[in-house]
Number of protein chains: 2
Amino acid sequence: MQKRTTIKDLSRILGVSPSTVSRALHDHPDIGKALKQKVRELATALHYYPNAMASQLRQSDNKTLALIIPEITMFFFPSVIEGITQKVREHGYQLMVLQSHENLQQEIENIKTCINLRVNGIMISLCRDTHQLDHLKEAAEMGISIVIFDKTVPNNRFPFVGIDDKNASQKAVSWLTFQGCTKLLGIFGHPHMSISNQRREGFETACMQLLPTGGAFKSVHALNQADAAHQLHALWSQFEPDGIFCMSDEVLAGVMPTLSKIADNQAKSSKVIGISDGKLPFLFHESLHFLHHDGFKIGTATAQCLLNGLQMGGKSIDVPVIIQETPIVGNRQ
Amino acid sequence: MQKRTTIKDLSRILGVSPSTVSRALHDHPDIGKALKQKVRELATALHYYPNAMASQLRQSDNKTLALIIPEITMFFFPSVIEGITQKVREHGYQLMVLQSHENLQQEIENIKTCINLRVNGIMISLCRDTHQLDHLKEAAEMGISIVIFDKTVPNNRFPFVGIDDKNASQKAVSWLTFQGCTKLLGIFGHPHMSISNQRREGFETACMQLLPTGGAFKSVHALNQADAAHQLHALWSQFEPDGIFCMSDEVLAGVMPTLSKIADNQAKSSKVIGISDGKLPFLFHESLHFLHHDGFKIGTATAQCLLNGLQMGGKSIDVPVIIQETPIVGNRQ
DNA sequence: CTGTTAGCGCATTCAC
DNA sequence: GTGAATGCGCTAACAG
């Protein structure tokens with residue numbers, strides 16, 4: 001890597017001091033119009049690019065926010081990222097995306113990277129093996145603002161943006177019973193994931209409250225999309241539901257095609273409702289409804305929440321907890 | 001943001017020099033076991049975190065690679081990112097993802113950010129309005145290694161990883177005709193995108209060569225997923241194909257549900273083949289085939305290509321052009 | 001084994 | 001208006 005031109009180089013050539021060049025480059029009012037022009041020209045002529053590492057070090061600030069998520073899957077997170085990116089750019093920050101791959105060690109490592117880099121703030125969706133937040137507390141003590149979104153832990157004390165998981169499941173059950181379903185199947189995500197359990201509890205509670213006598217329900221956890229398909233298939237002979245609740249897009253992606261195959265043979269259909277970012281359902285042939293878990297909105301809200309925290313310099317009294325609504329939508333409406 | 005502990009702080013407290021502390025922290029062989037231990041302990045006790053900006057400046061290297069893509073959509077790119085992330089981590093680099101949002105200005109801005117940050121290398125999928133590569137040449141002249149993948153321009157002179165777009169389309173047509181189709185519809189992506197045109201040309205050439213007399217074909221460009229659905233619908237009354245080629249997952253996502261609705265009414269089906277990352281097809285009820293355009297592999301190959309370039313210090317004679325295969329797969333096999 | 005010295009490139013005080 | 005001096009925090013010669 002050859003040597004790059006620096007402010008010093010420019011200053012030497014122009015016969016002025018480095019500070020003058022620096023000021024000219026930053027359009028400082030003290031510098032003459034003519035000189036500014038000359039500096040600019042020479043800078044582009046010599047391919048001068050300010051060394052971000054140096055200027056960041058000097059200013060001990062890098063205008064960067066970090067996003068830490070388990071994985072950039074095709075579900076949900078692309079929307080979240082889009083929302084965050086938009087908000088963050090508007091406010092002149094860079095975004096850095098880190099993946100924890102559902103691995104606590106990796107998550108801790110990522111936090112450390114954030115601290116070392118002196119990012120201004122962190123938005124994080126916790127991985128499923130995270131049960132305590134010491135690593136986040138550490139970052140917070142280093143002066144980094146933090147917002148948790150989507151996946152959290154029970155006793156979280158950080159600002160949070162997400163949905164009311166239990167309530168969403170209850171709404172889903174309520175909808176299914178309203179459609180006349182009496183035999184409900186709930187399919188949930190990985191059992192280590194807190195939202196899986198929140199949503200399952202909501203589901204089960206609602207089933208017990210809302211199902212008529214003679215009704216029945218069952219809940220299962222799927223490790224991933226393929227497992228959801230597999231479990232549904234295996235279960236069908238013993239427990240044939242007339243209403244199915246899928247807790248996420250990933251589950252829906254496993255369930256819908258399977259259901260579609262089953263329907264081929266049986267010429268009968270179960271009602272389906274899921275929780276979804278709102279893109280996937282429109283790909284399926286079968287009709288279904290979903291509680292719209294809007295990733296884009298979650299993203300913008302999360303970023304906004306972080307930016308607010310940043311502005312108050314971390315000295316806010318109340319810890320915001322922002323709960324997004326999840327309206328019910330049909331894919332054939 | 002309060003003051004953070006620095007090496008100097010540690011050195012003062014321990015009564016040794018900063019360089020000794022630095023060496024201890026880096027497990028330098030010259031430092032005594034006992035002292036290392038003491039330094040380590042004090043560091044954690046005082047929550048010392050090395051300032052990455054400072055150390056990067058000093059070493060004028062930040063072990064970072066950049067990925068620039070049009071957008072993190074739910075199609076293809078999540079797989080690519082996964083592949084790249086894996087490779088890049090293995091080699092101890094950080095990855096930084098930038099989006100151009102199909103905007104040349106933004107793409108140029110991103111390149112500038114990369115130069116300012118002194119990243120070691122850039123992997124880029126060009127946005128659709130990019131027709132010349134001056135901005136990349138600029139980065140290359142600053143000593144940054146570059147690999148273009150997936151979306152490129154005709155006269156590209158940079159290393160490239162992708163598929164043979166024309167050939168893929170031809171294989172698709174060949175498959176359709178082999179299935180007995182004689183009336184083909186090709187649906188392509190945004191008309192400004194080079195791969196849209198490459199794939200369309202391949203399609204049309206192959207149609208002219210392979211279709212029997214009496215056969216017919218038609219190609220259309222769709223601006224996005226919704227437009228693909230719309231166009232197919234609008235077209236159906238005038239041109240009812242018995243074979244359809246969809247150039248991408250995005251197109252497939254628009255086409256398949258529409259086709260499925262049409263099939264409901266007409267009780268007949270067209271053969272479908274697409275180019276796909278290989279996830280989406282399994283969500284659809286209708287059977288279809290696809291040329292497997294493996295994003296994960298493209299990702300690892302791209303990263304590997306960049307890492308190779310890095311190792312040779314940019315002093316390689318030949319410019320690698322890596323073309324991935326696209327085997328045909330069925331979603332019901 | 002350890003300390004001293006000297007920057008990396010930049011932005012900012014304080015002088016003039 | 002402009003220049004000289006200083007230091008952000010860290011590492012790497014070079015000396016001992």
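This structure is a prediction, so every number in the text was calculated from the model and none was measured. Protein chains get the first letters and strands the later ones, always in sequence-line order, with residue 1 at the start of each.
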Using modelled atom types and a 3.5 Å cut-off, is there a donor and acceptor pairing between side-chain atoms of E71(A) and backbone atoms of S100(A)? no

So if I take residues 7-17 of chain A and measure heavy-atom distances to DNA chain C, which residues fall below 4.0 Å? I7(A), K8(A)

Correct closest heavy-atom pair for M53(B) and Q56(A) would be SD-CB, 3.3 Å

Ring centroid separation H28(B) to H26(B) under 6.0 Å: no

Gap between atoms CG and C1', on N62(A) and dA11(C) respectively (whole Å): 16 Å

How sharply is the helix from dC1(C)-dG16(D) to dC16(C)-dG1(D) bent, taking the axes over five pairs at either end and rounding to 10 degrees? 40°

F77(A) and K151(A): which non-hydrogen atoms are nearest, and at how many Å? CZ-NZ, 3.8 Å

If you measure from the Lys or Arg side-chain nitrogens to the Asp or Glu carboxylate oxygens, is any gap between D30(A) and K36(A) under 4.0 Å? no

Interatomic distance where CG belongs to L57(A) and C1' belongs to dC10(D) [whole Å]: 8 Å

Could you tell me whether the phosphate oxygens of dC10(D), OP1 or OP2, come under 4.0 Å of any side-chain nitrogen or oxygen in Y48(B)? yes

Check whether any side-chain N or O of R4(B) sits under 3.5 Å from a backbone N or O of Y49(B) as a donor-acceptor pair, and report yes or no. no

Within 6.0 angstrom of R157(B) CZ, more than 12 heavy atoms from elsewhere: no

Heavy-atom closest contact (P70(B) atom, E102(B) atom, distance): CB-OE2, 3.5 Å

Are any of Q59(B)'s side-chain N or O atoms less than 4.0 Å away from OP1 or OP2 of dA12(D)? yes

To the nearest Å, give me how far apart CG (L117(B)) and P (dG9(C)) are. 15 Å

What's the CG-P distance between N116(A) and dC8(D), to the nearest Å? 19 Å

DNA chain C: T6(A) or T20(B), which has the more 5' nearest nucleotide? T20(B)

Expressed as a whole number of angstroms, how long is the span from K33(B):NZ to dC1(C):P? 12 Å

How long is the line joining CG of L25(B) and P of dC10(D), in whole Å? 9 Å

Tell me if the CG atom of N155(B) is crowded by more than 12 foreign heavy atoms within 6.0 Å. no

Rounding to an integer number of Å, can you tell me how far D30(A) CG sits from dT2(D) P? 9 Å

Between C1' of dG3(D) and NE2 of H28(A), the distance in whole Å: 13 Å

Output all residues satisfying side-chain contact (heavy atoms from CB on, under 4.5 Å) with T64(A), sequence neighbours left out; order by chain, then residue number. N62(A), Q94(A), M96(A), V119(A)

Ignoring hydrogens and angles, answer whether the base of dG3(C) and the side-chain atoms of R23(B) contain a donor-acceptor pair closer than 3.5 Å. yes

Reckon S19(A) has a side-chain N or O less than 4.0 Å from the OP1 or OP2 of dT12(C)? no

If you look at every strand shown and take non-hydrogen atoms under 4.0 Å, does P18(A) touch a base, only sugar-phosphate, or nothing? nothing

Within the pair S22(A) and dC10(C), is there a side-chain N or O less than 4.0 Å away from OP1 or OP2? no

